[in-house]
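One structure is given below, encoded as structure tokens.
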Amino acid sequence: MIRLFDSVHAEVRDLTLRDDGRVSMYVCGPTVYELPHLGHGRFTLVWDVARRWFTFQGLDVHFVSNITDIDDNIIARALRDGVSEAEVARVYENEWWEAMTRLGVARPTDAPHATQYVDQMVELISSLLASGVAYPTSDGVYFDVSRVADYGLLAGQPLDSLRAGARVEANDEKRSPLDFALWKNAKPAEPSWPAPFGDGRPGWHTECVVMSLGLLGDGFDLHCGGFDLKFPHHENERAQAVAAGRAFARHWAHNGWVMVGTEKMSKSLNNFTSLTHLLEETDARAYRLLVLRSHYRSPIEVTPATIADAERALARLDALARRFALPALAGQSLEVKSSFHWEGLGQGLLERVAAKLDDDLDTPLAVALLFDAASSANSLADAGDEDSARGLALAVAALFGALGLALESAGDEVDEASAALVRQRDQARAQKDWAEADRLRTELAALGWTVEDSESGTQIRH
RNA sequence: GGCGGCGUGGCCGAGUGGUUAGGCAGGGGCCUGCAAAGCCCCGUACUCCGGUUCGAAUCCGGACGCCGCCUCCA
């Protein structure tokens with residue numbers, strides 16, 4: 001049984017599924033109007049890991065994550081850049097998938113676009129208007145939060161105290177400052193869609209509720225996203241579903257944010273670092289390992305120092321992969337437990353790691369166990385027990401693969417000039433000409449190579 | 001103001017009422033022609049003040065500090 005912290009109940013509880021053996025999960029995706037930042041990288045990695053783990057454990061996962069391709073920010077960006085909204089969305093959606101590919105985040109089963117669900121949004125809004133839960137104003141259609149009895153469930157506060165702290169500016173036509181826009185009336189030169197209650201475009205909260213219910217159906221299993229979406233976004237999604245008489249998510253899970261120093265990385269603080277930029281200069285696996293080494297609900301700091309730390313830890317794992325010539329795993333493919341052979345030490349490792357991951361995705365402890373196992377594998381091999389060592393190392397690679405982290409056993413490509421130096425060095429060493437051997441090592445080092453001697457001769461890597 | 005989270009050794013970062021988290025960096029050793037990689041050993045930490053307990057970093061109370069949500073945000 002997989003257990004997960006549920007944001008509504010504020011405790012770890014069993015992940016009970018609507019359909020046995022199948023998980024339906026929705027993760028709020030990006031609004032595509034700029035390059036993805038580190039926070040996007042965090043949440044996609046966290047939920048990619050969750051999805052991969054569920055899959056590894058034999059569950060059939062239906063993973064939906066949307067692309068919001070119409071919204072205020074996109075319109076503003078289009079105006080600034082002098083291009084169409086569709087063009088802004090196209091450009092930044094491409095950047096998004098490019099970054100996801102580099103991060104090794106597997107494609108969602110479905111990645112719906114908001115603009116392709118407008119008809120269903122109009123339908124929902126019409127029904128909410130008909131039942132009196134929604135009301136029109138001069139600039140759009142709003143949702144009356146007082147009509148949902150348990151509004152505030154996700155916020156963990158009753159409506160009154162939420163209202164008391166409301167920072168939204170007063171709007172005479174809104175019945176409550178917490179009421180939110182379901183539909184924004186068309187403005188000149190802005191994209192709009194026809195609707196019986198007036199041409200316009202959908203509000204953000206309406207997009208996600210329609211897409212999640214549309215693709216996963218009523219009472220789907222798990223709704224995920226960053227903590228900052230818990231309220232008001234997820235609260236408002238849920239409110240619409242409840243008002244429409246539809247069962248919404250059975251479980252809610254939220255991930256911690258990325259910190260910049262002591263502050264949260266966020267739009268309003270304008271302190272975000274582009275994920276695209278990070279991936280241009282570092283091994284994307286380092287970010288994944290950094291994410292895996294802290295709990296998904298804790299905040300993390302992503303800085304050159306923490307990334308470098310992760311890169312050095314990664315080097316240790318790659319060295320293990322080279323030593324045992326472990327197969328490359330992960331990438332876009334999702335691993336499944338049953339496709340590996342588990343026995344002996346590997347079986348024991350699997351059981352211990354699985355116990356941690358099944359318990360609220362405790363990746364930091366799982367990773368600690370895997371590093372321990374890596375040391376054991378090396379130790380066993382040093383002691384001459386190659387079979388046990390290799391079995392354990394294979395299990396380590398399989399489990400990292402399950403989490404989407406591919407260990408690299410392939411050496412770097414060696415150019416002919418460097419290869420010639422390697423041959424010369426082997427010759428010098430065979431003749432015990434240590435001075436020449438050391439000279440050649442220095443020469444290789446100057447070309448950026450780290451030299452390692454082995455039974456099969458000089459090996460070099462970057 | 002309401003609600004929630006956090007404060008761990010040089011750094012990152014877990015965790016349980018009593019026994020080594022793990023990684024990085026550092027020191028010593030083994031291995032090596034010398035290295036690299038690997039292995040072994042080493043730090044005895046938990047904001048502060050009370051309390052509960054045979055025993056608390058881990059439970060309770062308080063103080064201090066920090067952060068988040070109640071606008072947009074992953």
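Naming: A, B, ... by sequence-line order, numbering from 1 per chain.
- Under the side chain to side chain contact (heavy atoms under 4.5 Å, CB included) rule, A:Arg201 has a single partner from A:Glu207, A:Glu85, A:Lys184, A:Met121, which is A:Lys184.
- Dashed line: the shortest gap from a side-chain N or O of A:Lys264 to OP1 or OP2 of B:rC69 is under 4.0 Å.
- Closest contact between the side chain of A:Leu365 and the listed nucleotides B:rA37, B:rA14, B:rC34 involves B:rA14.
- A sub-4.0 Å separation between OP1 or OP2 of B:rA36 and a side-chain N or O of A:Ser454 is absent.
- Counting distance only, with no hydrogens placed and no angle test, the side-chain atoms of A:Arg425 and the base atoms of B:rG33 include a donor-acceptor pair under 3.5 Å.
- For the OP1/OP2 pair of B:rC39 and a distance below 4.0 Å, the side-chain nitrogens and oxygens of A:Asn378 include at least one atom meeting the criterion.
- The six-membered or imidazole ring of A:His254 lies near that of A:His234, with a centre-to-centre distance under 6.0 Å.
- The shortest distance between the side-chain N/O atoms of A:His295 and the OP1/OP2 oxygens of B:rA14 is not below 4.0 Å.
- Between B:rC48 and B:rC64, the distance separating the two P atoms is 16 Å to the nearest Å.
- A gap of 30 Å separates the P atoms of B:rA45 and B:rC30, to the nearest Å.
- As judged by a 4.0 angstrom heavy-atom cut-off over every strand, A:Val451 is placed among the base-contacting residues.
- Between A:Trp252 and A:His9, the gap from one ring centroid to the other reaches at least 6.0 Å.
- Across all strands shown, A:Gly225 has heavy atoms under 4.0 Å from sugar-phosphate atoms exclusively, and none from any base.
- Remark: A:Arg316 is in phosphate contact with B:rG23, judged by side-chain N or O atoms under 4.0 Å from OP1 or OP2.
- Pair assignment for B:rC64: B:rG7, on the basis of Watson-Crick or G-U wobble contacts that are both within less than 3.5 Å.
- Considering only the side chain of A:Leu162, B:rC70 comes nearest among B:rC72, B:rC70, B:rC3.
- Taking the C1' atoms as reference points, B:rG29 lies 49 Å from B:rG61, given to the whole Å.
- Dashed line: the shortest gap from a side-chain N or O of A:Thr44 to OP1 or OP2 of B:rA74 is not under 4.0 Å.
- Under the stacking criterion of a centre-to-centre distance below 5.5 angstrom and an interplanar angle below 30°, A:Phe43 is not stacked against the six-membered ring of B:rA74.
- When the C1' atom is compared between B:rG17 and B:rU52, the two are found 12 Å apart, to the nearest whole Å.
- When heavy atoms are screened at a 4.0 angstrom cut-off, A:Pro232 is found touching the sugar-phosphate backbone but no base atom.
- Among the protein residues, A:Asp372 comes within range of the sugar-phosphate backbone only, with heavy atoms under 4.0 Å from sugar or phosphate atoms but none that close to a base.
- Of the candidate nucleotides B:rC70, B:rG23, B:rA35, B:rC70 has the atom nearest to the side chain of A:Phe231.
- Using atom C1' as the reference point in both B:rG9 and B:rC46, the two lie 8 Å apart (nearest Å).
- For A:Pro364, whose side chain is taken as the heavy atoms from C-beta onward, the closest listed nucleotide among B:rG23, B:rG38, B:rA14 is B:rA14.
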